[in-house]
Amino acid sequence: MTDTPPREAPAQSPPLLLRHTGDHTGAAYHPRYRPPARAYRCDLCPDPAAFWDHCHDHGLIRGPLCRSCNGSEGFWVHTRHGVEHLMRCPGCRTAGHPPLRNRTARIVPAMQLLLQHYDPARHLVSGHAAWADGTSIWERVFAQLSAGHASAEAQCTHRDCGSRWTVSVDRARFERLDQLRLLAGMNLPGHAYPSGSRRWLPEPTEVFWLDSPAEAPSTPEPPEVATVVLPGAYARRMEEAIPVILDKVALSRCWKRRGRAESFEITSDNIGLITLSTVLYLPFRKDPQQPWTPSERRGLYQASDRIRDALHALTRSH
């Protein structure tokens, strides 16, 4: 008698997920709303949906989202796809803007960039700065920016310091920094999977300002500029990798030769220098397969020090 090997159960194919075509958009949300969102694909990524995302201001469904996207609303508010998803709520479309909490979240990364570069104490260990009012400042700053000019108090968190200073920015310069940030993809949280592959492509999107800001604008200070000399080897790499960003950042730029050495002089205001300081490693990320030469790497560190010195000189009086 021969033994017959047991038959293996056929592998079950994953269920075919439906693409949401807007059939439930605008319906009144309920925790047990049917059909369940699990039958659909996420509106923002290819993963299976888990929840019906809804507008908390109007109580209306926008569409199905997976667990990750549903918990990342403060992240995808910086992307065009995310803003389009927010505006699927009929109430928001009628109002012409997303809810206030989403509009407030839109300004946070650019304001954090300003905070990182306005540190009069200039500690050797970075990160010793925080907003004096914590996260409660954002609605006030958003109202001020809507009116034309914002200022927020920051404080040093170093145990031996405790100094406080004011970070000020007018709306035009804030918008410039915000758009440069999105153009470079810098400090855009949630735009990549843990593996590093892109999740949401960073791209410039508008800020929905308050129509009737409660605070009157103050007179902005004229922008101050500084010229930074970047080492030639690193500057060549930067010019090849991010020419569009340099075009938008530099008020003027030129190459200078001193003996056998070449250097790159770039003149910009504080917004341009903050952008440069933030994208210093972008040329390496653009082409990680191309090894850096020792002179390029030395130039990177020298460029970082010189840009931060120039920023400190521009901001220490504030």
Side-chain angles (χ1 to χ4, degrees), residues 109-110 112-119 122-129 176-199 201-204 223-316:
Q112 294 286 21
L113 276 178
L114 287 166
L115 172 65
Q116 290 170 19
H117 293 89
Y118 277 68
D119 183 1
R122 193 80 187 283
H123 289 295
L124 294 176
V125 181
S126 61
H128 286 295
R176 182 168 167 238
L177 176 62
D178 184 63
Q179 296 303 305
L180 285 167
R181 176 184 67 86
L182 292 174
L183 177 66
M186 54 189 185
N187 283 23
L188 180 58
H191 80 277
Y193 287 111
S195 64
S197 59
R198 288 294 178 91
R199 186 174 193 174
L201 289 176
E203 55 183 346
E224 298 180 54
V225 300
T227 299
V228 180
V229 179
L230 304 184
Y234 170 73
R236 290 285 181 200
R237 183 98 177 220
M238 178 181 265
E239 263 199 326
E240 292 174 5
I242 52 173
V244 175
I245 297 173
L246 284 181
D247 287 342
K248 294 183 178 295
V249 161
L251 300 176
S252 66
R253 53 179 176 161
C254 64
W255 282 93
K256 292 286 182 70
R257 179 172 287 280
R258 294 179 176 86
R260 291 185 301 173
E262 251 190 337
S263 60
F264 185 63
E265 291 188 1
I266 183 166
T267 301
S268 190
D269 61 0
N270 65 323
I271 297 302
L273 292 176
I274 287 172
T275 304
L276 282 177
S277 178
T278 310
V279 301
L280 282 172
Y281 283 87
L282 207 56
F284 173 74
R285 297 190 185 112
K286 288 277 186 181
D287 190 4
Q289 303 303 319
Q290 183 181 349
W292 282 52
T293 65
S295 58
E296 286 175 338
R297 193 166 293 279
R298 282 196 304 272
L300 167 63
Y301 300 143
Q302 291 172 357
S304 176
D305 290 341
R306 292 172 185 177
I307 290 170
R308 288 191 171 274
D309 285 343
L311 267 172
H312 182 60
L314 288 181
T315 59
R316 63 186 169 190

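Computed from a predicted structure; not experimentally measured.
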Original post:
Got Gln179 and Leu183 here, is their nearest side-chain heavy-atom distance under 4.5 Å?
Top reply: no
Original post:
What's the spacing between Ile245 CD1 and Leu282 CG if we round to 0.5 Å?
Top reply: 5.5 Å
Original post:
Got Ile307 and Ile274 here, is their nearest side-chain heavy-atom distance under 4.5 Å?
Top reply: no
Original post:
Ser304 side chain to Leu300 main-chain N or O, any donor-acceptor pair under 3.5 Å?
Top reply: no
Original post:
Under the side-chain contact (heavy atoms from CB on, under 4.5 Å) criterion, do Thr275 and Arg181 qualify, and how do the steps go?
Top reply: CA-CA 7 Å; Thr275 304; Arg181 176 184 67 86; over 6 Å; no
Original post:
Can you tell if the side chain of His312 reaches within under 4.5 Å of the side chain of Asp309, non-hydrogen atoms only?
Top reply: no
**OP:** State which residue, out of Asn270, Leu314, Thr278, fulfils the side-chain contact (heavy atoms from CB on, under 4.5 Å) condition with His117.
**Re:** Thr278
Original post:
Heavy atoms, side chains only, cut-off 4.5 Å: are Gln302 and Leu230 in contact?
Top reply: no
Original post:
Do Leu114 and Ile271 come within less than 4.5 Å of each other through their side chains, counting heavy atoms only?
Top reply: yes
**OP:** Please round to the nearest 0.5 Å and tell me the distance separating atom CZ of Arg297 and atom CZ of Arg237.
**Re:** 9.0 Å
**OP:** Would you check if the side chain of Ser268 reaches a backbone N or O of Val249 as a donor-acceptor pair within less than 3.5 Å?
**Re:** yes
Original post:
Side-chain contact, heavy-atom cut-off 4.5 Å: Ser277 with Arg308?
Top reply: yes
Original post:
Quick one: do Arg236 and Glu296 make a salt bridge, cutoff under 4.0 Å?
Top reply: no
Subject >> Rounded distance (nearest 0.5 Å) linking atom OH of Tyr234 with atom CZ of Phe264 >> reply: 11.0 Å
Subject >> Gap separating the CG atom of Leu273 from the CZ atom of Arg306, nearest 0.5 angstrom >> reply: 14.0 Å
Original post:
What pair of heavy atoms forms the shortest contact from Ala226 to Ala310, and how long is it?
Top reply: CB-CB, 4.2 Å
Subject >> Where Pro283 and Val279 come nearest, the two heavy atoms and their spacing >> reply: CD-O, 3.5 Å
Original post:
Could you state the interatomic distance from CH2 (Trp255) to CD (Glu239), rounded to the nearest 0.5 Å?
Top reply: 5.5 Å
Subject >> Closest approach of Ser295 to Ala233 (non-hydrogen atoms, all atoms of both residues) >> reply: OG-CB, 3.7 Å
Original post:
Can you name the closest pair of heavy atoms from Glu240 and Pro243 and give their distance?
Top reply: O-CD, 3.7 Å
**OP:** Can you measure from CD1 (Ile266) to OG1 (Thr227) and round to the nearest 0.5 angstrom?
**Re:** 9.5 Å
**OP:** For residues Val228 and Glu265, determine if any side-chain heavy atom of one lies less than 4.5 Å from a side-chain heavy atom of the other.
**Re:** no
Original post:
Side chains of Met238 and Leu246: closer than 4.5 Å at any heavy-atom pair?
Top reply: yes
